[in-house]
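Scroll down for the structure; my scribbles are underneath it.
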Amino acid sequence: MKKHTDSGIEIKEVYTANDIKNLSVEQPGSFPFTRGVQADMYRGKLWTMRQYAGFSTAEESNKRYHYLLSQGVSGLSVAFDLPTQIGYDSDHDLAEGEVGKVGVAIDSIEDMQRLFEGIKLEDVSTSMTINATGFILLAFYVALAKQQGADLKKISGTIQNDILKEYAARGTYIYPPKPSMRIITDIFEWCSKELPKWNTISISGYHIREAGSTAVQEIAFTLSNGKAYVKAALAKGLDINVFGKRLSFFFNSHNNLFEEVAKFRAARRMWAKMMKELGATDDKAMMLRFHTQTGGSTLTAQQPLNNISRVTIQTMAAVLGGTQSLHTNGYDEALSLPTEEAARIALRTQQVVAFESGVADTVDPLAGSYYVESLTNEVEQRAWELIAKIDAMGGSVSAIEQGFIQNEIAKSAYEYQRQIESEEKIIVGVNKFTIDKEEPIPVFKIDDSIRQMQIEKINALKAKRSKQNAERCLQNISKAASEGSNLMPPVIEAVENNCTLGEIADTLRTVFGEYK
């Protein structure tokens, strides 16, 4: 009986030296970085242990951040609610029923102050999962850092800021592709001068995988999107050796341990070659540095405690594959936002792998494995074939506009579901090894009164601010958008003068229009 990886790569019964004749022999930390971006990897410094959190109000999320920091996380990762993601304040009609549900509601600089109360931004690395409104959330963060008296040259973190995957897989876009790409290159340009340690984009394969892609498609589509951002920045006259160092990636980690390790190794090698072809000469501008999150779509509502085992396998894959930063999902996330207990177990999973398993003791421990090296080559070859198809269409933006990437993901999602339903693919506790009666587990619930609380905060903010200053700032944003000057300075000025996220997003809606 034939066996295949989740990407449909046929797995041989046994692998030998004949399967890896073109074995890459470079050292870790050397081009093309197959074996890792640092020469000593985790012997020098462990990956950053992040836990993705954000729910309800800024005050409630702040309590969770303090708890996570007390438990040993080394970086914060902020989830925002849907209205924040698509540029609506909590008092907007379309925000009803969604405020604080899948993340924290951030309407103003005051919410950002509450979110990081008691946390010095100079001392913590913050990752913000935000795309269409990423520039506004970055402005809130910068304004708060300035209020704290922080040195902006020392502020570190990441905004996801990857709009192309929103059109392809996720859907929280606002503006059409061209002005959206312009906003992203404005962020690249501004941060290269003012916020040099900030990762200006986290090019995301995570949501492409969550939408149903295979491992091969995840890296092919993600690296193609990365190429589109680099070309847009080059067209703006930016230096690839400067902005290239601040690009980061965000990948998913699934259950097929060896294919996932091969995927991470292949992605590093491919990006290094791609950046070199695009003109990078500095090694650091060719390094693919990435954050990993364990696979949300692999978590089951049935027998949810089994998810702890799944997350452990996925954690091992990410670490064996050389991730720079990692978030582990709570076992209860197929049912609700994670409880404090589930978040703690998820963090402990990383800590057990880091300090007890021995996988961090040597660099790239699976290097030289006949199977892993062969699979790395196979994943790379298939990903290049997909990228060639996208290039022939004129690149990622064009491939998305033509529906190619969306259709490929949909076909893979359908095939995966068909395999589960036919029991070609076994999901433990779902289509095999089921039980008749499950014990209920406690779930995390969000109170619907959150929206009213946020509305009251917005009303109080608008009542005390200078209306004249707020209007002037919004006019400056509109002017910069029309004239083509960098949007970051007027947006930062606007948030400092208590303009809300929705007001800034709406100002640009009138200039750029909305993507339908």
Side-chain angles (χ1 to χ4, degrees), residues 20 22-50 74-75 125 127 156 158 199 202-203 205-206 215 218-219 222-223 226 244-254 256-276 280-294 313-328 350-351 353-355 357-380 383:
I20 51 165
N22 300 323
L23 178 62
S24 175
V25 292
E26 93 271 356
Q27 289 299 300
S30 302
F31 181 89
F33 312 107
T34 313
R35 304 195 58 200
V37 292
Q38 282 108 13
D40 58 354
M41 284 304 287
Y42 308 133
R43 287 172 70 108
K45 182 179 176 251
L46 286 172
W47 62 93
T48 301
M49 296 183 195
R50 296 189 187 279
S74 42
S125 163
S127 173
S156 68
T158 306
N199 296 326
S202 177
I203 304 156
Y206 185 85
E218 181 188 354
I219 61 167
T222 306
L223 297 185
K245 294 175 190 174
R246 301 319 317 165
L247 306 178
S248 67
F249 288 80
F250 175 25
F251 290 122
N252 209 312
S253 189
H254 271 223
N256 192 316
L257 179 78
F258 296 110
E259 182 173 47
E260 293 300 295
V261 173
K263 174 189 83 179
F264 297 132
R265 297 173 90 248
R268 262 195 303 273
R269 190 155 76 201
M270 292 172 73
W271 184 246
K273 292 174 184 173
M274 205 179 261
M275 286 295 274
K276 195 169 192 176
T281 53
D282 187 322
D283 265 8
K284 286 194 171 163
M286 301 180 220
M287 288 178 181
L288 181 143
R289 297 165 302 118
F290 66 98
H291 171 69
T292 309
Q293 182 173 338
T294 57
I313 291 167
Q314 294 162 11
T315 300
M316 292 287 285
V319 173
L320 289 165
T323 193
Q324 276 59 68
S325 144
L326 179 61
H327 162 85
T328 32
Q350 292 201 51
Q351 290 164 336
V353 168
F355 297 106
S357 72
V359 299
D361 292 347
T362 190
V363 182
D364 195 19
L366 293 182
S369 153
Y370 300 143
Y371 179 35
V372 171
E373 294 290 0
S374 173
L375 202 50
T376 301
N377 293 340
E378 184 80 26
V379 166
E380 179 181 8

Applying side chain to side chain contact (heavy atoms under 4.5 Å, CB included) between Trp47 and each of Gln324, Gln350, Met41, report the one that passes.
Gln350
Show, in sequence, the C-alpha distance, side-chain angles and deciding distance for Gln314 and Leu326, and conclude whether the side-chain contact (heavy atoms from CB on, under 4.5 Å) test is met.
CA-CA 10 Å; Gln314 294 162 11; Leu326 179 61; over 6 Å; no
Judged by atom type as modelled, is there a donor-acceptor pair below 3.5 Å linking the side chain of Glu26 to the main-chain atoms of Thr34?
yes
Heavy-atom closest contact (Pro28 atom, Gln38 atom, distance)
CB-O, 3.6 Å
Can you name the closest pair of heavy atoms from Ala280 and Met286 and give their distance?
O-CE, 3.4 Å
Kindly give the heavy-atom pair with the smallest separation between Thr222 and Gly205, and that separation in Å.
OG1-CA, 2.9 Å
Output yes when Glu373 and Arg265 qualify as a salt bridge under the 4.0 Å nitrogen-oxygen rule, no when they do not.
yes
So which heavy atom on Thr158 is nearest to which on Ser248, and how close?
CG2-OG, 3.8 Å
Apply side-chain contact (heavy atoms from CB on, under 4.5 Å) to Glu380 and Lys273, showing your working.
CA-CA 12 Å; Glu380 179 181 8; Lys273 292 174 184 173; 2.9 Å; yes
For Ser325, does its backbone N or O pair with a side-chain atom of Thr48 as donor and acceptor, under 3.5 Å?
no
For a side-chain hydrogen bond (donor to acceptor under 3.5 Å, both in side chains) with Thr292, tell me which candidate from Thr323, Asn252, Thr328, Thr315 qualifies.
Thr323
Using modelled atom types only, decide if a donor and an acceptor are shared between the side chain of Tyr206 and the backbone of Thr294 within a distance under 3.5 Å.
yes
Distance in Å, Arg50 CZ paired with Ser127 OG, rounded so as to fall on 0.5 Å steps
5.0 Å
Is a donor on one side and an acceptor on the other found under 3.5 Å between the side chain of Thr376 and the backbone of Ala266?
no
What class does the angle between the rings of Phe251 and Phe264 fall in, given that below 30° is parallel, 30 to 60° is tilted and above 60° is perpendicular?
tilted
Residue pair Tyr42, Val359: steps toward the side-chain contact (heavy atoms from CB on, under 4.5 Å) verdict:
CA-CA 9 Å; Tyr42 308 133; Val359 299; over 6 Å; no
What are the two closest heavy atoms between Leu46 and Ala354, and how far apart are they?
CD1-CB, 3.9 Å
Tested for ring pair (Phe, Tyr, Trp, His ring centres under 6.0 Å) against Trp271, the lone hit among Phe31, Phe290, Phe249 is Phe249
Minimum-distance pair of heavy atoms, taken over all atoms of Ser253 and Ala318:
OG-N, 3.9 Å
Please answer whether the main-chain N or O of Met287 pairs with a side-chain N or O of Arg268 as donor and acceptor at a distance below 3.5 Å.
no
Could you check whether any side-chain heavy atom of Asp364 comes within less than 4.5 Å of a side-chain heavy atom of Gln27, counting everything from C-beta outward?
no
Rounded to the nearest 0.5 Å, how far apart are CG of Asp283 and CE of Met275?
11.5 Å
Can a donor-acceptor pair be found, under 3.5 Å and without considering hydrogens, that links the side chain of Gln293 to the backbone of His327?
no
Start with the C-alpha distance between Leu223 and Leu288, add both sets of side-chain angles, then the distance that settles side-chain contact (heavy atoms from CB on, under 4.5 Å), and finish with yes or no.
CA-CA 10 Å; Leu223 297 185; Leu288 181 143; 3.8 Å; yes
For Lys245, is there any backbone N or O sitting under 3.5 Å from a side-chain donor or acceptor partner on Arg289?
yes
Is it true that atom OH of Tyr370 has more than 12 heavy atoms of other residues, nucleotides or ligands lying nearer than 6.0 Å?
no
Donor-acceptor contact present, side-chain Arg43 to main-chain Asp361, <3.5 Å:
yes
